[in-house]
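Beneath this line is the structure, given in structure tokens, with notes to follow.
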Amino acid sequence: MENGASSTKEEGFLSRMALNDNKAGMEGLDRDKINKIIMETSKGSRFYENELKKEQQVNQRIEKMMLQKAQITEQQLKKAQAQVERVALELERSRDLTRVIVHVDMDAFYAAVEMRDCPELKDKPMAVGSMSMLSTSNYHARKFGVRAAMPGFIAKKLCPNLVIVPPNFDKYRAVSDEIREIFADYDPHFQPVSLDEAYLDFTDHLEKRQSWPESCRTHRCRTSSTEAVPEVANLSPVLFEDSPSSSPCLLSPEGVRASGGAFEVFGTSVEEAVREMRFRIEQKTTLTASAGIAPNMMLAKVCSDKNKPNGQYVLPSTREAVMDFVQALPVRKVSGIGKVSEKMLNALGISSCSHLAQQMALLSLLFSETSWHHFMQVSLGLGSTYIPRHEERKSMSTERTFKELSKVEEQLSLCRELCEDLAEDMKKEDLKGKTVTLKLKNVNFEVKTRALTLQYAVATADEIFAVAKDLLKMEIENESPQPLRLRLMGVRISAFVGLDDKKPLQKSIIGFLQPGKTGSSGPTQELHQKLENEHFSTRSVLTWHFAGVPTAQKKQEEVSESLTCPVCFRQVETTDLNVFNRHIDQCLSNTCRKPDHSTDSDSESDLELESKGLDKHRGESEVEKQEAKNYPQEAQRSLKNHSQTDSSISADNETAPQPRNNKGSILTCPVCQLTQDTNDLTVFNHHVDLCLNQEVLHELRGQTSSPINTLSVTKSKATGECVYYMSVCLTVSHLTGAQSLILSKGLGPHNTIDKFFR
DNA sequence: ATACATACC
DNA sequence: TACTGGTATGTAT
């Protein structure tokens, strides 16, 4: 189907800018006129230029796809067709029409709340948001083409009388809580999608409902008996002039009893149950909701949009009804198929799901397996029939847009602020994550993300900032001598360690330290057992394993009267844990200073270093050598490849000698990268053991310590005896426990880092 | 693992 | 004047 903006051929690349009118309340308006205004208002802006760029990228993707398509032979297509049919058959077998899934969606939620609470707004076009961005508009405003995700200043051009109300999220959350209470009555395991939207499985409710007496299906109007009925209707926001009132107080005369209270009895069917739920929502909040009823989530979602606002739509649970429904369904209506997918499909002549089915063989050759399987499901009208329990979050982030920010100090302090905010949010959910991602958007709207995964999870603002700051500084250096001209910065944390993982780390260390505790097996055997155990931290297993070898503990296995200190590796002749703990405490307080030389958590001094170090690059001061240590060469190299302006700095960096490795035969620790004042390998080994254990010590102490990241290890030059230790460090983060154990044992001293990586 | 893109509200 | 913020997931390397 044609795509709003692509009406003129010279502007075939403006589809991203054009009005998206496939949502409710946007039918039959003057698209061309609206798009003209949008274009005129946007043209020439940095945003617009970036949109053009992105559009070109999509067009290139499509071109590439078309080229691929042209090379497909009849043979391939035939084979694909067979494959597609096999999959279709299999999917068909899995079809389940026994569930009743409901998708509920509040109508113009934020806008409706504001209208409810401010009668002035009721008959005006209004939107919630700011001059920069709108999050919702009421139906009045939609007639002008004003919609969610449109900047307010453009909306004002489309509709000069538009009233823009700033959002009150606390209020929306409160209303959301109210409607969720009602949802829970129909499905206690309902899945919220956002504040105003949820999926419910009505199946169980309907079964019970069949035997419910009428009294359980009778719901009163919220009006007190002294209030006049019409006032209720006035409170409801007018979504459309011709919006049908769902208030039974007005519609059913038999609902008004002598007592003065109005009520309504609902039947036992699905439609009635959902109508009842919507009725209760409206009574409770004075806001209306729409709902879709279907045999699966994908269809329910489409259905809830069908009779919006304040309506519902049932798709009968028969294969025939589903297939008919899907045939006519435009692909863009399907959740998950957005602007870009739509455009790519359109290029193949696919606009409705019937086309989707017809072209499935082709799609299976042009798209990834996950993609075409999804398309296939959609074309068959299939979707989730059970509502997955709310899954654990996978990431948490915070980002901010601002006026151009180009000063390094300001960028760093903003970064710190973001880290603090993020840490605060993480604390609320008691989260710890291993991957920190920095997001940057420059004034040309170009977005960059830079991530680093640590060997252990972090949670505090300082810990996160220690990483984010380095990522940011790398970008700053990359761009220098030009400054980064930012319009947005964000920090995200992911790769959370589960609650299961947090505690077992400590538990299992204790377990390891108590040889007799878990059966008759000694520490070595127990280690192998732990390797099979998902809950045991791979990282600490390796560390312990490695640490255990040089101290030749095997002889101690039978002697269960002593415990091994994780810090000094000595046998402590006691079985009393209190005594033992005191010993560990002592060791910890003795050793925690030395490795902390490599710590980089002092942000204040970093900030100062920054301003000095940035303007005059490659000075020879101690300070800068210290700083350089924080930029893993591997990372720098890969980052340079991405940067447009190739600065001369990188070459200097790569060829620069490692200052600390040139001092005769003195050994450099691959972990902390400090030279060790010894040639005695036993002493040196002991030091590296300690460094490797930093991670465990970190957990034990619960303190901020230097993030030993994997990349920093690759930085140091692999020479002689260090190799073995380095390979262990690397295996820790790249392999699973069992693999790395074997590898690290099998590695000889002649392996190089590069060889190991390949 | 990282970067970037797409999608949803 | 002015084009979001939070989360998940797909695609590509």
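Every chain is numbered from 1 and lettered A, B, ... according to where its sequence line falls, protein lines coming before strand lines.
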- Item | Given B:dC9, B:dA7, B:dA5, the nucleotide with the shortest approach to the side chain of A:R61 |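 Shortest atom-to-atom distance from the side chain points to B:dA5.
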
| query | By ring pair (Phe, Tyr, Trp, His ring centres under 6.0 Å), which residues pair with A:F445, not counting sequence neighbours? | reply |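 Expected list: A:F47.
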
### Task
Take A:S341 and A:T449, find for each the nucleotide of DNA chain B with the closest heavy atom, and name the residue whose nucleotide sits nearer the 5' end.
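Whichever sits nearer the 5' end wins; that is A:T449.
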
By nearest nucleotide on DNA chain B, pick out whichever of A:V193 and A:V58 is the more 5' one.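 Nearest-nucleotide comparison on DNA chain B picks A:V58.
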
(Q) Need two values: the first and the last nucleotide of DNA chain C, 5' to 3', having an atom under 4.0 Å from any heavy-atom of chain A. (A)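 That gives a stretch of C:dA2 to C:dT11.
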
Residue met sooner reading DNA chain C from 5', once A:M133 and A:F367 are mapped to nucleotides: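 The residue closer to the strand's 5' end, by nearest nucleotide, is A:M133.
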
Which pairs would a plain distance check flag for residues 486-497 of chain A, meaning a side-chain donor or acceptor within less than 3.5 Å of a matching protein atom at least two apart in sequence or in another chain?
none

Any base atoms under 4.0 Å from [X], or only sugar-phosphate, or nothing? Heavy atoms, all strands.
X	result
A:M396	sugar-phosphate
A:S130	nothing
A:L134	nothing
A:I154	base
A:S45	nothing
A:T136	nothing

Could you tell me which residues satisfy side chain to side chain donor-acceptor pair (under 3.5 Å) with A:S352, sequence neighbours excluded, listed by chain and number?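 Per chain and number, A:S352 pairs via side chain to side chain donor-acceptor pair (under 3.5 Å) with A:S354.
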
Ring centers of A:F190, A:Y199 separated by less than 6.0 Å:
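No, the ring centres sit 6.0 Å or more apart.
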
Would you say a side-chain N or O of A:T453 is under 4.0 Å from OP1 or OP2 of B:dT2?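 Affirmative; the distance criterion is met.
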
Task: salt bridge (charged side-chain N to carboxylate O under 4.0 Å, His left out) partners for A:R180, two or more places apart - done: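 None.
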
- prompt: Does A:E404 have any salt bridge (charged side-chain N to carboxylate O under 4.0 Å, His left out) partners at least two apart in sequence or in another chain, and if so, which?
  reply: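 Result, salt bridge (charged side-chain N to carboxylate O under 4.0 Å, His left out) vs A:E404: A:R485.
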
